[in-house]
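Below is one structure; the comments refer to it alone.
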Amino acid sequence: MTEADVKQLIVTIVKPLVSDPDAIKIETNRDAHFLNFNLSVAPDDVGRVIGKHGRVAQAIRTIVYSVRVGDSLRVRLNIVDD
């Protein structure tokens with residue numbers, strides 16, 4: 001998968017969970033072993049994305065972490081709370 005494919009996968013998963021899908025923003029950066037995706041949503045939607053006891057966030061991460069990008073980089077998803 002490419003970086004754009006992973007970004008689209010995250011948007012596809014998160015969009016039905018939030019009340020303001022236009023506020024979804026994903027920034028990416030690379031380090032030695034990981035391709036980091038920083039997800040930010042509207043302040044009212046952060047709780048919906050994280051879920052009770054972090055269960056929704058963990059389910060999203062389980063799906064996203066199973067993906068390898070290009071040079072065998074592992075994917076990491078960070079939920080940014082502004």
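What you see below is based on every heavy atom in this structure, not just the backbone, and it leaves out hydrogens, waters and symmetry mates.
With values rounded to the nearest 0.5 angstrom, Gln8 atom CD is found 13.0 Å from Glu3 atom CD. Remark: Leu35 CG to Thr2 OG1 distance equals 10.0 Å, nearest 0.5 Å. Taking CD from Gln58 and CD1 from Ile60, the interatomic distance works out to 10.0 Å, rounded to the nearest 0.5 Å. To the nearest 0.5 angstrom, Ile24 atom CD1 is 8.5 Å from Leu17 atom CG. The distance from atom OG1 of Thr12 to atom CG of Asp5, rounded to the nearest 0.5 Å, is 10.0 Å. In this structure, the separation between CD on Glu27 and CG on Leu39 is 10.5 Å, given to the nearest 0.5 Å.
Hydrophobic clustering of Ile, Leu, Val, Met, Phe, Trp and Tyr side chains at less than 4.5 Å, counting indirect connections, unites Tyr65 with Val11. Hydrophobic clustering places Ile63 together with Leu77 (ILVMFWY residues linked when any side-chain heavy atoms are closer than 4.5 Å, directly or through intermediates).
Between the side chain of Asp31 and the backbone N or O of His33 there is at least one donor-acceptor pair closer than 3.5 Å.
Asn38 pairs with exactly one of Ile26, Asn29, Ile79, Thr28 by the side chain to side chain contact (heavy atoms under 4.5 Å, CB included) rule, that one being Asn29.
Residues forming a side chain to side chain contact (heavy atoms under 4.5 Å, CB included) with Ser19 (at least two apart in sequence, or on another chain): Asp45, Arg48. Annotation: side chain to side chain donor-acceptor pair (under 3.5 Å) contacts of Ser66 (sequence neighbours excluded): none.
Shown here for Val56 and Gly51, the closest heavy-atom pair between the two residues is CG2-CA, 3.8 Å.
The cationic atom of Arg76 (NZ for Lys, CZ for Arg) lies less than 6.0 Å from the six-membered ring centre of Phe34 and within 45° of the ring axis.
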Val14 and Val41: side chain to side chain contact (heavy atoms under 4.5 Å, CB included), yes or no, with the steps?
CA-CA 9 Å; Val14 172; Val41 294; 4.2 Å; yes
Evaluation steps, side chain to side chain contact (heavy atoms under 4.5 Å, CB included), between Val64 and Ile10
CA-CA 7 Å; Val64 173; Ile10 295 168; 3.8 Å; yes
Could you walk me through whether Phe37 and Asn78 pass side chain to side chain contact (heavy atoms under 4.5 Å, CB included), step by step?
CA-CA 6 Å; Phe37 289 87; Asn78 304 309; over 6 Å; no
